[in-house]
Asker: 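Shown below is the structure under consideration.
All residue numbers refer to positions in the sequence shown, counting from 1. Every number for a ligand or one of its atoms is a count from 1 in the order of the listing.
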Amino acid sequence: NPLVLMMDIAKVFYTDDVETHALSNVHFALEHGEYVSISGPSGCGKSTLLSILGLLDTPTGGQYFLNDMAVGDIATDERARIRNQEVGFIFQSFNLIGDLTVFENVELPLTYRDGISKAERRDKVLNVLEKVGMAHRLSHYPAQLSGGQQQRVAVARALVGSPSILLADEPTGNLDSRNGEAVMVLLEELHKAGSTICMVTHDPRYADFAQRKVFMFDGRMVDEETLHRLRQEE
Ligand code: ADP
Ligand code: ADP
């Protein structure tokens with residue numbers, strides 16, 4: 001079975017008297033080990049989809065299976081537990097905690113888990129920091145790192161719990177092209193080593209790093225030709 005299976009997913013936001021159909025009729029499957037990019041114009045529903053994929057939010061319709069678990073409408077604390085175990089997030093703004101060191105930032109997700117000793121945590125943290133090339137900056141604070149380095153640390157934090165899926169929302173958005181490319185190369189290496197990755201990007205150059213590209217328009221998944229046609233009609 002695929003790692004991710006979404007069937008007819010819908011998300012409606014109600015704000016005052018306005019209904020926003022952020023997602024409609026979304027069918028999406030992601031195989032184990034796949035690397036997929038999601039692109040489309042601003043406001044088309046990319047972040048909403050990523051939030052649902054990552055169990056940060058729930059759909060208002062449809063069915064979602066993650067690792068064969070029906071996760072569409074489970075209770076909030078159970079959702080948080082599964083999220084902590086199954087999902088690693090990478091954000092545009094890195095989201096590192098400023099008064100924790102590199103080591104402490106990466107260790108943090110493990111401290112929410114039971115049954116991992118301090119020594120085990122240390123091994124895991126050093127191992128992922130080694131993987132992203134940041135093991136020489138254990139005691140630095142985020143403000144003492146360049147943007148590219150901060151994103152590498154954020155990737156390590158996303159990986160440390162061995163999640164089944166890595167979700168990246170515009171991971172290059174705050175980086176210059178040199179650091180952006182470096183992060184893309186890092187994600188490519190992780191993919192080759194077996195990670196399943198779903199990345200939102202509006203930059204076609206970066207979408208090309210993915211193994212498969214999907215496109216969205218106005219809350220729906222469309223193919224690339226349809227997206228171009230719809231944008232011309234706008
Ligand atoms: P994208 O990531 O592609 O820019 P989003 O998923 O952020 O798009 O937004 C999709 C649509 O849903 C937009 O019209 C946006 O205004 C709306 N939306 C997103 N989040 C909320 C929310 N919390 N409340 C109300 N509307 C929202
Ligand atoms: P880049 O060349 O990637 O933009 P920087 O010029 O920002 O990187 O930083 C170069 C090196 O100096 C990095 O390894 C970073 O860890 C270190 N560094 C940057 N700012 C500080 C700081 N305020 N305190 C300590 N080390 C720093």
Side-chain angles (χ1 to χ4, degrees), residues 4-30 34-66 71-77 79-80 83 86-95 147 151 154-155 158 163 165-175 180 183-184 187 196-234:
V4 162
L5 182 59
M6 286 185 155
M7 293 186 291
D8 204 17
I9 290 290
K11 180 69 179 181
V12 184
F13 291 109
Y14 299 93
T15 316
D16 298 324
D17 291 336
V18 185
E19 270 186 23
T20 306
H21 291 256
L23 298 175
S24 310
N25 308 117
V26 170
H27 298 274
F28 183 53
L30 195 56
E34 245 193 320
Y35 180 7
V36 170
S37 69
I38 302 177
S39 307
S42 178
C44 72
K46 303 182 296 295
S47 298
T48 302
L49 180 63
L50 217 59
S51 298
I52 293 174
L53 273 172
L55 307 180
L56 289 171
D57 205 349
T58 51
T60 47
Q63 284 179 293
Y64 174 21
F65 297 90
L66 176 63
V71 290
D73 51 7
I74 49 174
T76 311
D77 47 346
R79 190 148 46 91
R83 177 172 65 237
E86 304 279 338
V87 187
F89 288 97
I90 306 164
F91 304 95
Q92 175 170 350
S93 49
F94 323 132
N95 292 11
Q151 194 61 303
V155 171
I165 187 166
L166 210 51
L167 300 177
D169 197 351
E170 299 279 5
T172 56
N174 279 329
L175 301 176
V183 166
M184 284 299 111
L187 293 184
T196 308
I197 306 174
C198 186
M199 169 180 69
V200 164
T201 181
H202 65 270
D203 190 327
R205 279 180 309 155
Y206 293 141
D208 280 337
F209 278 86
Q211 185 183 17
R212 177 161 69 95
K213 296 188 264 187
V214 302
F215 300 90
M216 294 183 70
F217 188 88
D218 198 15
R220 291 164 198 274
M221 285 209 171
V222 295
D223 61 39
E224 194 167 11
E225 292 71 37
T226 308
L227 176 64
H228 288 310
R229 182 171 54 75
L230 289 167
R231 296 193 88 163
Q232 271 159 11
E233 286 170 7
E234 268 185 310

Asker: Which label fits F89 and F91: parallel for a plane angle under 30°, tilted from 30 to 60°, or perpendicular past 60°?
Answerer: parallel
Asker: Please determine which of I52, V4, L23, L5 meets the side-chain contact (heavy atoms from CB on, under 4.5 Å) test together with F28.
Answerer: V4
Asker: First locate atom CD of Q151, then atom CD1 of I90, and finally report the distance between them rounded to the nearest 0.5 Å.
Answerer: 6.5 Å
Asker: Quick one: CZ on F215 to NE2 on H228, what's the gap to the nearest 0.5 Å?
Answerer: 6.5 Å
Asker: Between R229 and E225, does any NZ, NE, NH1 or NH2 come within less than 4.0 Å of an OD or OE carboxylate oxygen?
Answerer: no
Asker: Any idea which residues sit under 4.0 Å from ligand 1, heavy-atom distances?
Answerer: F13, T15, T20, A22, P41, S42, G43, C44, G45, K46, S47, T48
Asker: Can you tell me how far apart CD (E34) and CD1 (I197) are? Round to the nearest 0.5 Å.
Answerer: 11.0 Å
